[in-house]
Amino acid sequence: MDSSKTLFSQLKAAEPFFILAGPNVIESEDHIMRMAKHIKAISSRVGLPLVFKSSFDKANRTSSKSFRGPGMTEGLKILEKVKVAYDIPIITDVHETIQCEPVGKVADIIQIPAFLCRQTDLLVAAAKTGKIINIKKGQFCASTVMVNSAEKVRLAGNQNVMVCERGTMFGYNDLIVDPRNLEWMREAGCPVIADVTHSLQQPAGRQLEGGGVASGGFRELIPCIARTAVAVGVDGIFMEVHDDPLSAPVDGPTQWPLRNLEELLEELVAIAKASKGKRRFEIDLTPFHD
């Protein structure tokens with residue numbers, strides 16, 4: 001069995017769930033290495049399988065003046081160092097078909113951004129790397145769209161696919177999380193992940209001094225959404241974590257503080273173990289008689 005199939009099997013079997021966690025974007029090699037060290041230690045103490053996450057390029061920033069990351073070449077070198085130094089699998093995202101092959105040489109999971117979840121050429125190019133593919137549901141999409149997106153990956157010859165809920169647009173500058181999607185997305189026939197940080201963004205909803213806008217968000221509601229997701233019975237939790245969220249160059253308002261990570265994960269594990277969310281409730285509609 002190849003390494004992708006082995007990891008995919010391990011993630012599917014994870015109890016009560018696995019986590020995809022790390023800072024939104026690579027800020028520096030030193031920062032990423034430090035974050036990986038602490039997040040791995042925390043996940044090990046809590047007993048959750050970890051896939052470390054960070055992006056080498058945030059290609060869809062609100063402003064062209066915003067920090068995007070070190071770029072693919074340098075970013076992949078840093079992620080490979082993390083992978084080797086801490087013996088943890090890596091997930092990062094792609095935005096163009098030409099990125100898939102080089103990213104697939106380092107990443108264990110290739111993530112398809114929500115805005116691109118229907119892009120057939122990108123899905124197929126990612127699938128052909130043989131790596132696990134995590135598809136984020138577009139903020140504009142119904143859960144049923146993910147059935148088709150996952151099928152595009154499978155028809156390209158790759159059965160290792162996961163789908164991820166990250167909120168639905170509610171007006172121009174807000175997202176809501178519909179817990180029904182966490183159940184309905186199971187129709188894709190693969191692991192379901194809840195992104196409990198991006199789903200609390202307010203896209204382009206924060207006015208900047210001197211003009212312009214940036215994305216805001218509701219960090220204080222991350223525990224609320226995470227508790228709901230694990231109670232429903234998701235297979236994995238995606239969350240962005242930072243050691244200094246107020247100074248984070250990207251998505252600071254929705255990154256979870258590293259100092260609070262262990263406390264939150266311990267609570268989520270307890271909720272998941274108490275819930276029977278992964279089991280479909282058998283409803284008996286036969287007439288009730290005394």
Side-chain angles (χ1 to χ4, degrees), residues 5 7-21 43 46-51 109 111-112 114 117 132-154 159-170 174-200 218 220-239 256 263-290:
K5 289 182 179 179
L7 177 60
F8 191 58
S9 296
Q10 291 171 346
L11 295 178
K12 286 196 298 182
E15 290 293 342
F17 55 88
F18 58 87
I19 56 171
L20 313 177
S43 64
V46 178
L48 293 174
L50 167 69
V51 180
I109 304 178
Q111 183 162 280
I112 306 298
C117 69
I132 300 168
I133 309 302
N134 181 39
I135 313 171
K136 287 200 167 183
K137 182 181 75 64
Q139 304 91 322
F140 48 87
C141 292
S143 59
T144 50
V145 170
M146 302 309 286
V147 176
N148 291 344
S149 294
E151 189 63 13
K152 290 178 181 180
V153 172
R154 294 190 183 104
Q159 303 303 306
N160 306 322
V161 60
M162 310 187 293
V163 292
C164 181
E165 165 65 23
R166 60 95 73 225
T168 302
M169 290 303 301
F170 189 65
D174 202 6
L175 296 168
I176 58 170
V177 179
D178 184 349
R180 296 177 300 177
N181 284 334
L182 300 174
E183 184 67 30
W184 290 336
M185 284 169 62
R186 294 189 188 282
E187 296 301 317
C190 60
V192 173
I193 300 165
D195 180 341
V196 302
T197 46
H198 283 108
S199 58
L200 287 162
F218 298 107
E220 67 275 12
L221 294 180
I222 291 172
C224 169
I225 301 303
R227 290 164 181 151
T228 301
V230 297
V232 169
V234 294
D235 300 286
I237 290 289
F238 176 106
M239 61 189 309
W256 187 247
E263 179 184 4
L264 178 58
L265 290 180
E266 286 176 343
E267 180 183 347
L268 297 182
V269 167
I271 293 171
K273 287 181 176 179
S275 170
K276 297 180 180 178
K278 287 188 177 182
R279 276 178 26 194
R280 184 180 293 274
F281 200 100
E282 296 297 329
I283 302 174
D284 186 353
L285 294 177
T286 57
F288 176 82
H289 299 289
D290 290 328

Nearest atoms (heavy-atom pairs only) where Lys5 meets Asn160: CG-ND2, 3.9 Å

Residues Met162, Phe8; criterion side-chain contact (heavy atoms from CB on, under 4.5 Å); working and verdict: CA-CA 9 Å; Met162 310 187 293; Phe8 191 58; 3.7 Å; yes

Against Asp195, only a single residue in Arg166, Lys136, Lys137 fulfils side chain to side chain donor-acceptor pair (under 3.5 Å); can you say which? Lys136

Taking NZ, NE, NH1 and NH2 as the nitrogens, is one of them in Asp235 or Lys12 under 4.0 Å from a carboxylate oxygen of the other? no

Less than 4.0 angstrom from a charged side-chain N to a carboxylate O is my criterion; do Arg154 and Glu151 meet it? yes

When rounded to the nearest 0.5 angstrom, what is the spacing between SG in Cys141 and CE in Met169? 12.5 Å

Counting distance only, does the side-chain N/O of Lys276 pair as donor-acceptor with the main-chain N or O of Phe281 below 3.5 Å? no

Taking everything shown except Phe170 itself, do over 12 heavy atoms lie less than 6.0 Å from its CZ? no

Looking at Glu263, I want to see if its CD is surrounded by more than 12 non-hydrogen atoms of other residues, nucleotides or ligands under 6.0 Å. no

Can you list the steps and then say if Leu20 with Ile193 is a side-chain contact (heavy atoms from CB on, under 4.5 Å)? CA-CA 9 Å; Leu20 313 177; Ile193 300 165; 3.8 Å; yes

Any donor-acceptor pair under 3.5 Å from Ser275 side chain to Ala231 backbone: yes

Which distance, rounded to the nearest 0.5 Å, do you find between the CD1 of Ile133 and the CD of Gln159? 12.0 Å

Decide side-chain contact (heavy atoms from CB on, under 4.5 Å) for Val269 and Val230; before the verdict, give the C-alpha distance in whole Å, the side-chain angles of both, and the deciding distance to 0.1 Å. CA-CA 8 Å; Val269 167; Val230 297; over 6 Å; no

Checking side-chain contact (heavy atoms from CB on, under 4.5 Å) for the pair Val163/Cys190: CA distance, chi angles, key distance, verdict? CA-CA 7 Å; Val163 292; Cys190 60; 3.9 Å; yes

